[in-house]
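One-based numbering along the sequence shown. All ligand and atom numbering here is 1-based and tracks the order in the structure.
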Amino acid sequence: MTDPASDSPAPDLSVRVGGLLLKNPVLTASGTFGYGIEFAPFMDLSALGGIVVKGLSLTPSPGNPPPRVVETPCGMLNAIGLENVGVEAFLAEKLPKLAGVGTPVIANIYGKTVEDYSALAERLEGEPGVAALEVNISCPNVKAGGVAFGVDPSAAAQVIAKVRTRTKKPLIAKLSPNVTSIALIARAVEGAGADAVSLINTITGMAVDLATRRPVLANVTGGLSGPAIKPVGLRMVWEAARAVKIPVIGIGGIVTARDALEYLLVGAAAVQVGTANFVDPAAAFKVLTGIEGFCRENNIRAIRDFIGSLEV
Ligand SMILES: Cc1cc2nc3c(=O)[nH]c(=O)nc-3n(C[C@H](O)[C@H](O)[C@H](O)COP(=O)(O)O)c2cc1C
């Protein structure tokens, strides 16, 4: 039997995200895809819309002590605390291996102070292998910086405005869901010069052990991710997309193509696949092929026509 859908022309999956032209809307989420190259055995990395690498700090960081990951129903809690090799080792050892990967590499940066963020942006500015910056103002697992900037509109704007003065690269502000009004924060970073926003980062959570009467995570609290958070992510992306003119990148609990399509429907210009990479290292690739199949089946010639087409 012939599949009528396969005769239709290939859909145009390209999207524009704040100055970045992506061949398709499927990226991988920071902290769940290593430095990218580790996943080359599992898929053709060049097929992806982009790769967001693990959050980088100015100096190497060991992160938090273990235990720092725990499984939960439909998700996981992590308190990694931004363990990373530091920006210099990233540039010397990791980035060269991504040269010629055939898809934009986006550096996710994290600082304890506004000055840390601006120094990181400055350090990465001359690196042609870095296509864009994603500024993490939303990590809940570190004692200083991170989410402290992401939950206050003026602090969020301050970080983004400072980074803006240091980079001409597309600047994506990664927002926290641990706020009362995502629209307020999104508007604040848009006003400060962000080219796009990405959301959501993890939702603060906790697990306890009845036998020991102690928290499961050494950090006590952690960030909840995975399918459990998709409804929250969808709601926040929908709210943010209506609040700002800059593109919104949807993140949170995307496992299948249908999950990704739901984010696109509510207004995300692109999506990131996170925790699903731990379950299936080829998850992002499968999401991409599923989106393509959906477009063929539904005669969607350009994914741009589908984005934000939710009727309320
Ligand atoms: C183990 C782990 C590490 C993460 N590290 C980072 C990070 O370094 N920087 C960042 O901005 N987000 C980080 N995140 C958040 C993810 O990029 C993503 O926003 C979040 O997990 C929600 O998406 P998901 O439900 O698809 O995982 C991390 C998430 C996990 C699970």
Which option out of K54, E134, K174 puts a heavy atom nearest to atom 5 (N) of ligand 1? K54

For a quick check under 3.5 Å, do T103 and S46 share a side-chain donor-acceptor pair by atom type? no

Under 3.5 Å, N or O to N or O, is N136 touching ligand 1 that way? yes

Salt-bridge contact R258-E262 (side-chain N to carboxylate O under 4.0 Å): no

Answer yes or no: does an N/O atom from G274 fall short of 3.5 Å to an N/O atom of ligand 1? yes

Which segment of V52 sits under 4.0 Å of ligand 1 when only heavy atoms are counted: neither

of all protein heavy atoms, closest to atom 21 (O) of ligand 1 is S225 CB, 3.3 Å

Would you say I200 has any N or O atom under 3.5 Å from an N or O of ligand 1, going by distance alone? yes

For residues 166-175, pull every pair meeting side-chain hydrogen bond (donor to acceptor under 3.5 Å, both in side chains), keeping only residues two or more places apart or in separate chains. E122-R166, E125-T167

Could you tell me whether the side chain of L13 reaches within less than 4.5 Å of the side chain of K23, counting heavy atoms only? no

How far is atom 15 (C) of ligand 1 from its nearest protein heavy atom, and which residue and atom name does that atom have? N201 OD1, 3.3 Å

To check your reading of the model: name the closest protein heavy atom to atom 3 (C) of ligand 1, its residue, and the distance in Å. G31 O, 3.4 Å

Got the closest protein heavy atom to atom 2 (C) of ligand 1, with its distance? N78 ND2, 3.6 Å

Is T202 in polar range of ligand 1, meaning some N or O pair under 3.5 Å apart? no

For atom 7 (C) of ligand 1, what is the nearest protein heavy atom, given as residue, atom name and distance? S30 OG, 3.3 Å

Tell me, do S138 and L175 make a side-chain contact under 4.5 Å, heavy atoms counted? no

Under a 4.0 angstrom heavy-atom cut-off, which atoms of ligand 1 come close to I229? 22 (C), 25 (O)

Check this for me: does any side-chain nitrogen of one of K162 and E115 sit under 4.0 Å from a carboxylate oxygen of the other? no

State, without any angle test, whether N201 and S176 hold a side-chain donor-acceptor pair at a distance under 3.5 Å. no

A29 neighbourhood, listing ligand 1 atoms whose heavy-atom distance to it stays under 4.0 Å: 17 (O)

With side chains defined as the heavy atoms from C-beta onward, is the minimum distance between V197 and I246 less than 4.5 Å? yes

Taking only Lys NZ, Arg NE, NH1 and NH2, and the carboxylate oxygens of Asp or Glu, determine whether K54 and E83 approach each other closer than 4.0 Å. no

N or O pair under 3.5 Å between V273 and ligand 1: no

Note: ligand 1 atoms sitting under 4.0 Å from heavy atoms of G253 are 24 (P), 25 (O), 26 (O)

Element-labelled atoms of ligand 1 that are located less than 4.0 Å from some non-hydrogen atom of T275: 24 (P), 26 (O), 27 (O), 31 (C)

SB check K230 D259 (cutoff 4.0 Å): yes

Between S61 and N84, is any side-chain donor less than 3.5 angstrom from a side-chain acceptor? no

Considering non-hydrogen atoms of the protein only, which is the closest contact for atom 11 (O) of ligand 1, and what is the distance? N108 ND2, 2.9 Å

Checking a contact table here: which protein heavy atom is nearest atom 23 (O) of ligand 1, and how many Å away? I251 CG2, 3.4 Å

